[in-house]
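Right, one structure below, let's go through it.
These values consider heavy atoms only, across backbone and side chains, with no hydrogens, waters or symmetry-generated copies.
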Amino acid sequence: MAFSEDQQQFADVAERFFGDKSTPTEVRRLMASDVGYDAEVWRQLAHEVGLTGTHLPEAYGGFGFGAVELGITCQAMGRHLYCGPFFASSVMAAHAVLNNGSEAQREALLPGIAAGTSIAALVLDDLSDPARVGMSIQADANGRLSGAAQLVADAHVADLLIVAARAADAVALFMVDAAQPGVKVTAQNCLDPTRRMARVQLDDVSAERLGNGPADLSLLWDQMCTALAHEMVGGAERLFETTVEYMKMRVQFGRVIGSFQALKHRCADLLLELELARAATHEAARYLATGAGDAFAPNLAKALASDAYISIAKQAIQLRGGIGFTWEEDTHLWYKRAKASEVFLGTSNWHREEMIRRMEVAHGG
Amino acid sequence: MAFSEDQQQFADVAERFFGDKSTPTEVRRLMASDVGYDAEVWRQLAHEVGLTGTHLPEAYGGFGFGAVELGITCQAMGRHLYCGPFFASSVMAAHAVLNNGSEAQREALLPGIAAGTSIAALVLDDLSDPARVGMSIQADANGRLSGAAQLVADAHVADLLIVAARAADAVALFMVDAAQPGVKVTAQNCLDPTRRMARVQLDDVSAERLGNGPADLSLLWDQMCTALAHEMVGGAERLFETTVEYMKMRVQFGRVIGSFQALKHRCADLLLELELARAATHEAARYLATGAGDAFAPNLAKALASDAYISIAKQAIQLRGGIGFTWEEDTHLWYKRAKASEVFLGTSNWHREEMIRRMEVAHGG
Amino acid sequence: MADDRIQEIRDEVGAWLDAHWDVRRSLGEWRELLVEEGWAAPAWPKAYFGRDYNEAEAAAVAAVFYEKGAIGAAQQGPGRLASHTLLVHGTDAQKRRYLRPILTGEHAWCQLFSEPGSGSDLAGLTTKAERVGDKWVINGQKVWNTSAHHARYGILVARTDWDVPKHQGISYFVIDMHQPGVEVRPLRQMNGHASFNEVFFSDAEVPAQDLVGSEGEGWTIAGTTLSVERQGFSQSRDGGRARNLEGPIYDEYRQELAIALEPYTWYPQREGRVDLLFERAVANGAIDDPHVRQELAKAIGLKRAAQLAAEAAAAKRRAGQRVVPEGSVGKLAASVIARQANHVHTLISGPQALLAGPDSELGGIVAEVLLSTPAISIAGGTDEIQKNIISERVLGFPKEPRFDTGPFRDVPRNVSQTGKQEG
Amino acid sequence: MADDRIQEIRDEVGAWLDAHWDVRRSLGEWRELLVEEGWAAPAWPKAYFGRDYNEAEAAAVAAVFYEKGAIGAAQQGPGRLASHTLLVHGTDAQKRRYLRPILTGEHAWCQLFSEPGSGSDLAGLTTKAERVGDKWVINGQKVWNTSAHHARYGILVARTDWDVPKHQGISYFVIDMHQPGVEVRPLRQMNGHASFNEVFFSDAEVPAQDLVGSEGEGWTIAGTTLSVERQGFSQSRDGGRARNLEGPIYDEYRQELAIALEPYTWYPQREGRVDLLFERAVANGAIDDPHVRQELAKAIGLKRAAQLAAEAAAAKRRAGQRVVPEGSVGKLAASVIARQANHVHTLISGPQALLAGPDSELGGIVAEVLLSTPAISIAGGTDEIQKNIISERVLGFPKEPRFDTGPFRDVPRNVSQTGKQEG
């Protein structure tokens, strides 16, 4: 489906904002900073453009948009490697609250997230497979949590933690005040410094369970992966564009290198990968928004977006030659995001396995 | 290692023989024939050149050469798509007798095979994995066999069957006179008519067990796969050579197509695949001949040879354009052999899995 | 307004069909009637058997035919190419003479463009047409000519001038296939099918009035034919409806279709039959192999993504947005998908892939897939040509350097085994 | 005969080392002695610190040094390139002046060939050398200059004539790096290392006598340097022996080596560290994942096959048989292997691949692999150049059409952002 006029307008706003605020120079400054994001840009993002609540219901201070618009926001962020806790707070944590929180809990937590005044992080002790979540963090009979997670996106700047922990009955989600004693957050040294990971250690901390049921990790994973796939498609398309531009400028042997057939054909192959990834990613958003389509849509999106991003990132370096391998050239910023996103929330082969598993479920039913 | 002078001479003899006797015209004639091979060429192969006993000890009428020379023979056969029961009889069945037969049995069976006067076929009821062999053919307490195998190479022209069957103690090998009642052989319709498969049905037939022990299927599989890898490398290199030649002759847009960079680079990639496959394949022969090297050498050989042959066969068609897809052009003869060999004696992924399994064994020991 | 007009047309054709459609008529008789009334090709000009309808109006007519189960004009592929080309470039006499029997199905046609020496480089053709008196004398060879053995006429491009650049020396003809100088031979493919022909011309003749357009204008006119070909035939099919109805005229129609579609029976196999993969893997237990699962997911995912990309492009086009020429991207995707499907079918079959023919997997369908997918990346423009198009027209990279811009006589052609030029 | 001669040499050098080798000497003092006696470079001419030994004789000397744990001449890479080039093309004065301090280790050198605007197309360089009186004045920029920040001298190619075809207008110089017009800056890479430099020339000066060979002969002379570079440095290393022995001179030697080898510390990671894969997968349980097993087997199998192919080529060469220029094939293989190893390391790490630095997998080695393998298919000749070489020199396909054969002044160069030519 094509975007509606409103959606296209929304995409233009997001593209302008991030193109303006998240320049490579700015990204490099934030990569080298301690916290990894700019508080003033975050404020503008939340207050002036209102993107932090893109997909949150209006009742909680959001725009009331759906997965398609969230995808648009993420795609623009991915294009420009936006550095900030949007993915951690508005995507990961907010979806967890939306899915599992009681009405009172949503009302308590979501407006802050939507307004950007509260930064939440989702503490998962496994980032490779939802079925493995909850091995390392336990809730005791009083609902107090203990355990650790190595890799929590943007926990170092979060005031609120949403924690997946094993309770007596199931793996459930809990809200935890990050400021309390017993919560220890340690920033990690990241391969991709444009998205920070921190270690979270919980030592008998007080917590409140979100809702009564088990954590709906399957839905949450689909939502996160779909948003991530949009980020990746955004990054891949931007990197592809700059590479094609470079190839029209760079001359070797008296010809622009974009005139060499082997390189032309390679770019055609990359465009194909990108187009397929984009189509699958937009479909995943539609699937989440409407419920119609293949249950494996988010898996296909993540797998194709990841593979395309990696292919393009590798070639973006290769096609620039030695220059592409330098720190000075911006290519590696996207390459690092591509590599980090590859293992974040399931590798392509995990998602392909999941596709088949879901087809078997549909087939058996 | 380079070939010795003797080995090089041997290779030249084999290449001349098959280049002369197994021309594409002849291959096409045999593809269309009932039996699938030429008895007179078989006689010359056995009596004049003596290749049927390349690797069999001199005591049994062979040349007394080893796996390296057998590889040389197979590589030349593969280059020219030799149609005949060599692989079935001299490679598959003869190795089974050599490995498992008693001295008396070897003396009874091998001279006929070496002389080409007896054609033997190895009846395996599974061609994908040695661990699955013996499910469909049983030996009863009196050593009489019943059961069936769907895919037996050249059984339709064999006078002797070497059958893997499940006995009380283990899967063992048996020799069976193919002419006796109760043996029913039905020629199959083959994707690759240059190597014929037949269905073998055994209905309470008399048999003699080879040796007393279980069938050494692991060694046998390594021997067969190594020989097959040589065949495949031979086929791949010949097909690659003719494709390169074609590309120097074919003109489009006023240039030979071999001047288009995208095609030049593709051929460089194919050459790399071929060189690696060739090196791994020759190593497998050395491993069998000397016992020195990685236990996974035959698996690596089959996997790389298979992948290279398939890559080259696909591109041999593609680079010829529409002409490459016609019956008239010879390319499809090699393509079909490549496809058939891909699934014969384990796919590449089976062999890769086996490589790791063998590394684990070595690591654990 | 537009809706009123469409309803008016629906009513008119509905009433006409109610009055005339009769399954007991012969197919020929029925089609004559359609042509008389302009229903056979309502989008064609009134002067030539049509009604000057626009696309939406013609679609409305087709919809009513579909609803009533009525059969429309003959749909033979090459005939469709010929008629569209003649409508644009033909003389009045050519249109009067050739179009009607195409619509009625009386005449099948064939397309005589490709040559053994000019595959991707169609304009490098070397079939000669020499003017002798009031005739053109044709010598040369064509290839990949679907249905040439059934065809009454062919659309032919041949070289009439060797001293100008290659695109300028080509002319376009209608040729009568029923003459001594034309020999049609079946061309067998590696999968055993013979869905194409080779056509040999030895002093075959074309009357001067069967030159289409002007001498030397052939390349431009062929462009019209090829653009119709690229649009595909999907819209012109009957959706399977009339094929499944009962009545004498349907029997005749099914016979006609069987002949027309015979060359295309292996086309689904050429695309790899992704639709069969999952069921096959479940059926024979290959689904439990983790490697098969990975490769299967790749095949199914690529296929699905390609469908989605095509839908997205269509939606954008409808919304008036700029679209990547997704024809080329889609065609490349089809090649990737078919190759992967071939691979997965092979994995699922295992050693059973050694067999072919009716007793083999799915009655031979799988073996046919294994032997047919190599065609998808060649037929209708090779992958290499698609990548040139994508990289030059979509990505804006420079074109390949040309070595064939001078007089065609001097352009290098195939090097024969002895090192001499062919052609 | 030959064996007698080798034994004679072994005896001579052995006796000499027994008499002179002393771990309490300073490294400089020891090397001066070596140079005096011709043991520092026995294969060099007697006139220039050598003994005119052939390859086998020189190897015998090296073997005895190895056995006795004696340290040989300095082995700095660029110094080796410079000395070999000067031996072939230098004047007597140049050889007398520059070679000795290279052997003793007093002077490090650097190679000043590549430029930002000329990567694969080295001959497209635009650094200028203009003759002013008895000096050459140098302006321009070089890049990828290993050890330039330590170097006393550099070997430099620069353009001296813009009105002839590109290969003909280049000259070859020795340049003093310790002068105001030369600025050396570290060049940081995406993996955080800064193992190369950029060098900027602003009216830097080269005395006329430091032109190597004739004006305009630079491309040919650079060819000598590059062929030495392609041979690699493996033979000139000490096999690790002297590095591990005890004694004052060894301490000094290790310091020297540490500086010389520092730029290369990440090179093993660049190749993908296939050696670590299996153990890592076993250690963290990834070995139980069927998909990891497949990809692991591919990586290990490719690496093994590439080793075998290299051995086979070496054996054939020794046997005097024709060999595919396996340098290019091997280099291509290295790229494929490194990419696959990166992939498998990523799979084995899983989400742990999000981390870098000393606390991450294997003390940061794995992260360094993930960020270093992209260099392998670029450095020392891109994969694309290797594929050109293979397809043209091995397979015999035609060369790429040239667009840079005219006077260099007229050859197109990089298009700047504003559409103007750079350079």
Inset, instruction - Indicate yes or no: at least one non-hydrogen side-chain atom of C:Lys316 is less than 4.5 angstrom from one of A:Phe3. - result: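 Heavy-atom side-chain distance check fails, nothing below 4.5 Å.
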Legend entry - Contact check, side chains of A:Leu263 and C:Phe397, non-hydrogen atoms, under 4.5 Å: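 Side chain of A:Leu263 against side chain of C:Phe397, heavy atoms only: no contact under 4.5 Å found.
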Residue, of [options], that accumulates the most heavy atom pairs under 4.5 Å with chain A:
{"options": "C:Ala333, C:Ala281, C:Pro398", "result": "C:Pro398"}
{"options": "C:Val336, C:Val282, C:Leu395, C:Asp383", "result": "C:Leu395"}
{"options": "C:Glu392, C:Lys399, C:Lys387", "result": "C:Lys387"}

Inset, instruction - Anything in residues 292-305 of chain C with a heavy-atom distance to chain A below 4.5 Å? Please list those residues in order. - result: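 Residues C:Arg293, C:Gln294, C:Leu296, C:Ala297, C:Lys298, C:Ile300, C:Gly301, C:Leu302, C:Arg304, C:Ala305 are the ones that qualify, each having a heavy atom under 4.5 Å from chain A.
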Inset, instruction - Not counting sequence neighbours, list each pair that qualifies as a ring pair (Phe, Tyr, Trp, His ring centres under 6.0 Å) and has a residue in residues 222-255 of chain A. - result: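 Applying ring pair (Phe, Tyr, Trp, His ring centres under 6.0 Å) to every pair that reaches into residues 222-255 of chain A, excluding sequence neighbours, yields A:His230-A:His282.
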Legend entry - Heavy-atom contacts under 4.5 Å, residues 254-262 of chain A to chain C: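 A:Arg255, A:Val256, A:Gly258, A:Ser259, A:Gln261 fall under the 4.5 Å cut-off.
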Inset, instruction - Taking heavy atoms only and a threshold strictly under 4.5 Å, list by residue number the residues of residues 299-322 of chain A that touch chain C; give 'none' if the list is empty. - result: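 Within residues 299-322 of chain A, the residues under 4.5 Å from chain C are A:Leu300, A:Leu304.
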Inset, instruction - Please lay out, stage by stage, how A:His265 and C:Glu384 fare under the test side-chain contact (heavy atoms from CB on, under 4.5 Å). - result: CA-CA 8 Å; A:His265 283 200; C:Glu384 289 74 17; 4.1 Å; yes
Legend entry - Step-by-step side-chain contact (heavy atoms from CB on, under 4.5 Å) determination, C:Leu308 to A:Glu275: CA-CA 10 Å; C:Leu308 291 165; A:Glu275 292 284 335; over 6 Å; no
Inset, instruction - State whether the number of non-hydrogen atoms from other residues, nucleotides or ligands found under 6.0 Å of A:Arg132 atom CZ is greater than 12. - result: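 Atom CZ in A:Arg132 is not crowded, with 12 or fewer foreign heavy atoms closer than 6.0 Å.
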Legend entry - Derivation and outcome, side-chain contact (heavy atoms from CB on, under 4.5 Å), residues C:Glu311 and A:Glu283: CA-CA 11 Å; C:Glu311 285 169 19; A:Glu283 169 71 6; 5.7 Å; no
Inset, instruction - Can you measure from OG (C:Ser391) to CG (A:Leu270) and round to the nearest 0.5 angstrom? - result: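 Output value for this atom pair is 11.5 Å.
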Legend entry - Proximal component of A:Met359, with respect to chain C [non-hydrogen, under 4.5 Å]: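 For A:Met359, backbone and side chain are both near chain C.
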Legend entry - Under 4.5 Å from a heavy atom of chain C, the part of A:Arg266 involved: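 Interface part for A:Arg266: neither.
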